[in-house]
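Accompanying notes for the structure given below.
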Amino acid sequence: MIYAHVDSVLGYHLDEEEESVGVLEGKVALVTGAARGQGRSHTVRLAEEGADVIAVDICAQIPSVEIPMATKEDLDETVRLVEALDRRIVASVADVRDGVALREAVNAGVAELGRLDIVCANAGVYALTLDEPTDPVQRRQFWQDTIDVNLTGVWNTVDAAAPIMIEAGNGGAIVLTASTAASKSAANRSLAMDAYTAAKHGVVGLMRNFAVDLAPHSIRVNTVHPTGVHTPMVENAVVERYMAENSGFAKLVLNSLPVDAVDPVDISNAIVYLASDAGRYVTGVQLPVDAGFLVK
């Protein structure tokens with residue numbers, strides 16, 4: 001067994017109880033966009049490693065987003081999955097665009113769970129559609145909705161959480177969900193992709209500033225950059241129809257490794273690494289989990 005090898009090489013022994021302790025035991029994590037997809041995976045994976053969770057999701061449809069968004073039933077299922085692991089979870093319906101409501105949700109979670117160590121700013125939208133608006137007012141709103149969720153929502157999340165972490169003095173880790181679209185062009189003559197790409201590039205800028213500003217408090221800040229992920233945001237009739245009618249877009253999202261997409265847990269595992277002591281000196285880093293997408 002591997003434990004026998006580790007014991008003989010390192011000269012110490014881990015008993016069964018120590019071996020079973022998760023790498024995030026005793027920590028509390030905030031996850032936005034927690035109702036389904038990557039957010040649910042992150043929530044469950046963090047709980048598997050011993051963390052209690054503050055889970056937030058809008059649980060409603062944004063008019064400019066054609067792809068179906070999460071529901072309250074989805075968030076309830078996330079709660080069930082975490083509780084099945086015998087971990088605590090405080091779930092709130094809140095919109096990351098609403099800084100006041102988000103702060104209330106975070107404060108309520110901290111009041112019940114006692115602390116905050118990890119932030120996973122995951123909430124995001126993907127407004128891909130075959131029927132982009134032509135009216136200038138509608139186009140501006142279409143743009144603004146994506147920027148407000150994918151960029152301002154990330155700032156709101158850190159703005160609500162960081163003061164709590166600073167005051168506690170325990171350090172911590174913040175992981176912002178970016179995208180491969182934050183590292184290269186995703187040009188496709190599409191307003192949706194323009195807004196998505198601009199927002200995700202902005203997330204990297206926020207990460208860099210936060211990483212410097214929060215370092216004196218031993219709070220590390222990084223981004224993860226997924227390629228396509230097997231989630232309802234990607235696997236749905238809207239995206240299927242768009243790709244069928246836009247062959248150039250299908251080529252744009254090809255990975256180097258022979259997989260069409262990665263699984264949510266692949267991103268979650270990267271977040272566990274960045275949030276745990278294994279990544280204790282990793283900050284200001286853009287971590288791709290992209291099946292070789294960016295090396296093309």
Side-chain angles (χ1 to χ4, degrees), residues 32-39 56-75 93-102 121-157 176-206 223 225-254 260-261 293:
T32 63
R36 69 174 195 188
Q38 289 187 54
V56 176
D57 203 287
I58 186 175
C59 297
Q61 196 71 28
I62 295 174
S64 64
V65 180
E66 186 177 348
I67 294 169
M69 294 176 62
T71 65
K72 179 59 165 58
E73 290 73 23
D74 291 322
L75 185 58
V93 174
D95 187 343
V96 295
R97 297 174 297 178
D98 185 341
V100 174
L102 182 59
N122 164 79
V125 295
Y126 188 36
L128 201 67
T129 177
L130 286 170
D131 302 307
E132 288 189 348
T134 57
D135 176 76
V137 174
Q138 292 179 341
R139 285 177 65 80
R140 179 172 177 79
Q141 188 61 53
F142 191 94
W143 163 274
Q144 197 64 51
D145 285 344
T146 295
I147 298 296
D148 286 349
V149 176
N150 291 9
L151 180 57
T152 304
V154 171
W155 185 88
N156 284 340
T157 302
L176 315 180
T177 298
S179 166
T180 52
S183 302
K184 65 184 294 186
S185 167
N188 193 49
R189 297 182 180 272
S190 161
L191 175 58
M193 289 308 300
D194 288 349
Y196 187 85
T197 302
K200 294 301 186 178
H201 273 74
V203 167
V204 174
L206 287 180
T223 48
H225 295 247
T227 184
V229 184
H230 292 298
T231 66
M233 183 182 284
V234 173
E235 296 179 335
N236 57 74
V238 175
V239 173
E240 288 177 5
R241 189 166 67 250
Y242 188 92
M243 292 184 72
E245 298 188 22
N246 292 270
S247 58
F249 183 75
K251 294 177 181 178
L252 182 69
V253 298
L254 287 175
D260 60 345
F293 179 90

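Hydrogens, waters and symmetry mates play no part in the numbers below; they use all other heavy atoms, side chains included. The shown structure was predicted, so the numbers you read here are calculated from the model rather than taken from an experiment.
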Can you confirm whether [X] sits close enough to [Y] that some side-chain heavy atom of one is under 4.5 Å from a side-chain heavy atom of the other?
| X | Y | result |
| --- | --- | --- |
| Asp74 | Asp57 | no |
| Val96 | Val149 | yes |
| Thr71 | Arg36 | no |
| Trp143 | Gln138 | no |

[atom1]/[X] to [atom2]/[Y] distance, rounded to the nearest 0.5 angstrom?
| X | Y | atom1 | atom2 | answer |
| --- | --- | --- | --- | --- |
| Arg140 | Asp145 | CZ | CG | 11.5 Å |
| Leu176 | Thr157 | CG | OG1 | 8.5 Å |
| Asp260 | Glu235 | CG | CD | 7.0 Å |
| Leu128 | Met243 | CG | CE | 9.5 Å |
| Thr134 | Leu191 | OG1 | CG | 11.0 Å |
| Thr32 | Asp95 | OG1 | CG | 11.0 Å |

Shortest non-hydrogen contact between [X] and [Y], atoms and distance:
| X | Y | answer |
| --- | --- | --- |
| Phe293 | Leu254 | CD1-O, 3.3 Å |
| His225 | Ala178 | CE1-CB, 3.5 Å |
| Ala182 | Val204 | CB-CG2, 3.8 Å |
| Ile62 | Met69 | N-SD, 3.4 Å |
| Tyr196 | Ser179 | CE2-OG, 3.7 Å |
| Ala198 | Ile147 | CB-CD1, 4.3 Å |

Could you check whether any side-chain N or O of Asp148 sits under 3.5 Å from a backbone N or O of Gly153, counting only pairs where one atom can act as donor and the other as acceptor?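 Side chain of Asp148 to backbone of Gly153, a donor-acceptor pair under 3.5 Å: no, none is there.
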
Using only atom types and a distance under 3.5 Å, with no angle test, would you say the side chain of Glu240 pairs donor to acceptor with the backbone of Val234? no

Would you say the side-chain atoms of Glu132 and Ser190 include a donor-acceptor pair closer than 3.5 Å? yes

Using the rule side-chain contact (heavy atoms from CB on, under 4.5 Å), only one of Val239, Asn236, Leu130, Thr129 pairs with Glu66; which is it?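 That would be Thr129; it is the only one of Val239, Asn236, Leu130, Thr129 passing the side-chain contact (heavy atoms from CB on, under 4.5 Å) with Glu66.
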
Apply side-chain contact (heavy atoms from CB on, under 4.5 Å) to the pair Thr180 and Lys200, showing each step before the final yes or no. CA-CA 9 Å; Thr180 52; Lys200 294 301 186 178; over 6 Å; no

